[in-house]
Amino acid sequence: DWKSNLLTSTQFFNSGHTNNWAVLVCTSRFWFNYRHVANVLSVYRSVKRLGIPDSHIVLMLADDMACNHRNPKPATVFSHKNMELNVYGDDVEVDYRGYEVTVENFLRVLTGRLPPSTPRSKRLLSDDRSNILIYLTGHGGNGFLKFQDSEEISNVELADAFEQMWQKRRYNELLFIIDTCQGASMYERFYSPNIMALASSQVGEDSLSHQPDLAIGVHLMDRYTFYLLEFLEDIHPASQANMNDLFKVCPKSQCVSTPGHRTDLFLRDPRSVLITDFFGSVRKVEITREAVNLTSAAEQPSEPLSYVDQLPVAEIIHQKPKQKDWHPPDGFILGLWTLILLVFFKTYGIKHLKHIF
Amino acid sequence: MAAVGVFALAALVLSCKCDSVEKPSDATGAGTGSEAERSGPAAASAGSEAPGGGAGAAVSLPDSCEEELLIRPLHSGDIYASFQFRTLWDTDFLHQGKKVSHYRLFPKSLGQVLSKFSVRELHISFTQGYWRTMQWGQPIVPSPPGAELWVWFHNTVADVDGNWKELTNVLSGIFCASLNFIDSTNTVQPSASFKPLGLGNATDHRFLRYATLPREIVCTENLTPWKKLLPCGSKAGLAVLMKSEKLFHSSFHSQAVHIRPVCKDWQCSSTAWELRQTLNVVFDLYTSGQGKKEWSLFKMFSRTLTEACPLASSSKVYVDVTDNPEGELFDLSPATSVLNTAVVLGDRRTYSVYDLTQKETFGQLRSLNLVLRWKGESGDMLRPLLHAERYVAGFGLQTGEIHTLIYNNHPYRAFPVLLLDSVPWYLRLYIHTLTVTSKTRENKPSYIHYQPSKDRLRPHLLEMLVQLPPHSVTEVTVQFERALLKWTEYTPDPNHGFYVGSSVISALVPSVVAMDTNNTQERPLFSSFFPTKEESSYFVRVYTEPLLVNLPTPDFSMPYNVICLTCTVVAVGYGSFYNLLTRTFQVEEPSQPLAKRLANVIRRIRGVPLL
């Protein structure tokens, strides 16, 4: 009985990683960049559906589209025309939102150098057996990605951040997907092992958006992520699809741009890497045979209490305003001047008085 | 073997909130209220019993929860729904000796926050939209637009500011909101407002912190963790009505969490901790109601009620029928004979009550869908006694003036109000221009507390106790100057403007009907939010609009920078080219060495030609 349990557990830990994390970032602000938020939310939906829990997902949305006042259907973000699929849903947890999505915060999340008071949901608590999926979308160019229309992250910075992660043993394998214009330039500079990268367009090409919705008034999704979502909808947690299928997503006929990928840093053969290694989740279960005894708390008596007066007018009027800054004691300046004058007249005599008055 | 199986079962079951909480309730119902027998076999055997619904049975449990929904039709045709969920727990978070470690109905995330940061009272609210007092009357639970957080710490805390900073970060993780932007530049320490709403006698305002983020957006990602704090989650009871697509498509949406110590029973000999979660929403007649004056639960929430939360000791729906005594204004179906009166906000109101713990409420279809169908036209609304407005006057990007108007609509009674204003440091207030006028005469406040701002460190704080004469408008004006920020301090969208948080007006308004100060009988939750100490007046808090001011913003846009660069390049290029074309060169004699100059001088003297 327990022997069969042991056998399946060794099989379980064969695949090199024991937990999955996802860092999904949308870097664009303003209503007309609705499609970037829809991109990230559709990857978020797929990743949650395939098993990664909210506690292992760091979701960063630079602007709020769902409850934006220009959204004709509040609390929804659609990915398909005619409002077929609401990728925002009812159970979403955004960790970094609005002005918090900055290059600094993104790099801090990746490298783990966050201030001590940062809550757990905002941290990437990965270890050396974690497979991490990193998805970035927004506006980009040759060698950079724009954050919130005011700052950029360069491909060199990103490569260095991944090297820091490798040296701190913060990942086992990393899948990097980017959907921006000239996205392939962002993975050119990677030099750490075990990274596989996909981009929606090559250097010199623009990634195009898919379809506008006339009721909402903006483009709803980008082409690459639209076809990626279609592909992922067919994947279920036990699926055996591998990375080669992912590389075939969105050929030039559908995407207009040429998606690219990079596998030279990856140690395993992409054919043997399952999609669910990154998009799904492995959860470790510990079986224990020990029972825990819980004890109850005892009661404590005390004297009768009462509620506080909400607006005690008399008390407020007689309240002395608190003086925070230190002031010298009263009469200090006067005394100081008297001392100065006394010393002056003592030294030079009273006859100089007529020069003063 | 059985223990292994049970623990595996327990591990699987714990992932589903609704099912797991049924088992402990059965175990405590069977036991004597002590949790000593909460081991595996007890849970497995209790699971086979039928769920008791008997959380309020003869055994007194340390914690209990109640839920209620109040529906009030408004005169403008809109409808106001207010949910309140209260969990009462007889424990002591701040007891120094033992830590609280077993949580049943009270959420563990909040309990740990309370004990770690020694919090005595915590009030946090997230609001989308502005409450229109003149059209809707007074809200049950007031809240300003954006996020508001005020906390009373226990008087044993040594470093209040450090605790405050960590508390805001932890809460930003719990509620998925950017509360980590609360720092010393928007935190104030009011000296007379925001007295504790819970039990206690120590009111040293050093332990109070108040902050507001008017820019904070509220969306489903804030509602999701809020719903997870409820004992039944969003799976049973009144919380099934909370669907975000309908809740956020409204004129006003506010969700709040209030934690405070209260009297455990009417003798008030010991304290219990109360967690109140409130959600107020106003559905608009035209956007949600399609213009027809007919409201139902299905139309408002796209759901109907099918059962009460099994963990709740009371689960009720109240519909305000005060304006409809004979049924001439609107039809309420399904009809109910249970009527309850309560004194709420100084007025005696009548409510039709639907008790969800009774099976008969749900009728044949086993679902409750309240329908209100209007028959006649409603008259004018009674004007609310206290009302406030605020706006910015002036022109240009240098100076301006903030005007706050406070209306006292009582025909013959005057009452004092406490005005709290917290203005960010980049609007430099000129306090010498502060004027308070009522009925065109100057009105001197009986108490003023002003704390000037420090650039980039703390905001302005102005608190005034003003006596409002009856049937009058009081105007408070103060002039300000706008500061120029450093270019790194601008947000990515600086042309949107910068927000100034709402002013808070706290007042004891004289009430029409005697308020109920007796705490012995059962009162609906919505009437017991603010503690009443005297019969002739009730406490009310009114929030004004937040202000949006434009600061002088440099032109961050790309064309400006490109023009500068191009002009420089053109100037340098053209200048060089011009020089090249028009410059002429003349040969100049180099200056002669010293020896030759001396020789020339001697030669001039001699009259001989020079070298």
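Protein chains get the first letters and strands the later ones, always in sequence-line order, with residue 1 at the start of each.
Residues B:Arg541 and A:Gln310 are in side-chain contact: their nearest non-hydrogen atoms beyond the backbone lie under 4.5 Å apart. Between B:Ser172 and A:Lys122 the shortest side-chain heavy-atom distance falls below 4.5 Å.
With rounding to the nearest 0.5 Å, the separation of CD1 in A:Ile316 from OG in B:Ser193 is 7.0 Å. Distance check, rounded to the nearest 0.5 Å: CG of A:Leu311 to CZ of B:Phe415 gives 10.5 Å. The CZ atom of B:Phe181 lies 5.0 Å from the CD atom of A:Glu100; values are rounded to the nearest 0.5 Å. In this structure, SG on B:Cys176 lies 9.0 Å from CG on A:Leu59, to the nearest 0.5 angstrom.
Other residues, nucleotides and ligands place no more than 12 heavy atoms under 6.0 Å from the NZ atom of A:Lys73.
Residues A:Pro72 and B:His249 share a closest heavy-atom pair of O-CE1, 3.7 Å. Of all heavy-atom pairs between A:Ser117 and B:Asn169, the closest is OG-ND2, 2.9 Å. Closest non-hydrogen pair, B:Thr220 versus A:Tyr88, comes out as OG1-CE2, 3.2 Å. Closest non-hydrogen pair, A:Asp309 versus B:Lys195, comes out as O-CD, 3.7 Å. Between B:Pro531 and A:Tyr307, the shortest heavy-atom contact is CB-CG, 3.8 Å. Pairing each heavy atom of A:Cys67 with each of B:Ile217, the nearest pair is CB-CG2, 4.3 Å.
Most heavy-atom pairs under 4.5 Å with chain B, from the set A:Arg120, A:His69, A:Glu93: that is A:Glu93. With chain A as partner, the option from B:Glu166, B:Glu216, B:Glu245 having the largest number of non-hydrogen pairs under 4.5 angstrom is B:Glu245. For chain A, the option among B:Glu463, B:Met242, B:Lys246, B:Arg215 with the highest count of heavy-atom pairs below 4.5 Å is B:Arg215. Highest contact tally toward chain A, considering only B:Pro225, B:Ser446, B:Ser178, is held by B:Ser178 [criterion: heavy-atom pairs under 4.5 Å]. Interface check for chain A: of the options B:Val170, B:Asn180, B:Leu465, B:Val218, the most heavy-atom pairs under 4.5 Å are formed by B:Asn180.
Among residues two or more places apart in sequence or in another chain, the salt bridge (Lys or Arg N to Asp or Glu O under 4.0 Å) test is passed with B:Glu221 by A:Arg97.
Defined by atom type and a distance below 3.5 Å, a donor-acceptor pair is present between the side-chain atoms of A:Tyr99 and B:Asp493. A:Asp91 and B:Thr224 form no side-chain donor-acceptor contact under 3.5 Å, judged by distance and modelled atom types alone.
Using a 4.5 Å cut-off between heavy atoms, A:Asn71 does not touch chain B at all. Both the backbone and the side chain of B:Leu197 come within contact range of chain A, judged by heavy atoms closer than 4.5 Å.
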Would you sort out whether A:Asp90 and B:Lys243 count as a salt bridge (charged side-chain N to carboxylate O under 4.0 Å, His left out), showing the intermediate values?
-> CA-CA 7 Å; A:Asp90 225 4; B:Lys243 289 292 148 196; 3.4 Å; yes

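Against chain B, the residues from residues 146-154 of chain A that qualify, each with a non-hydrogen atom under 4.5 angstrom away, are A:Gln148, A:Ser150 in number order.
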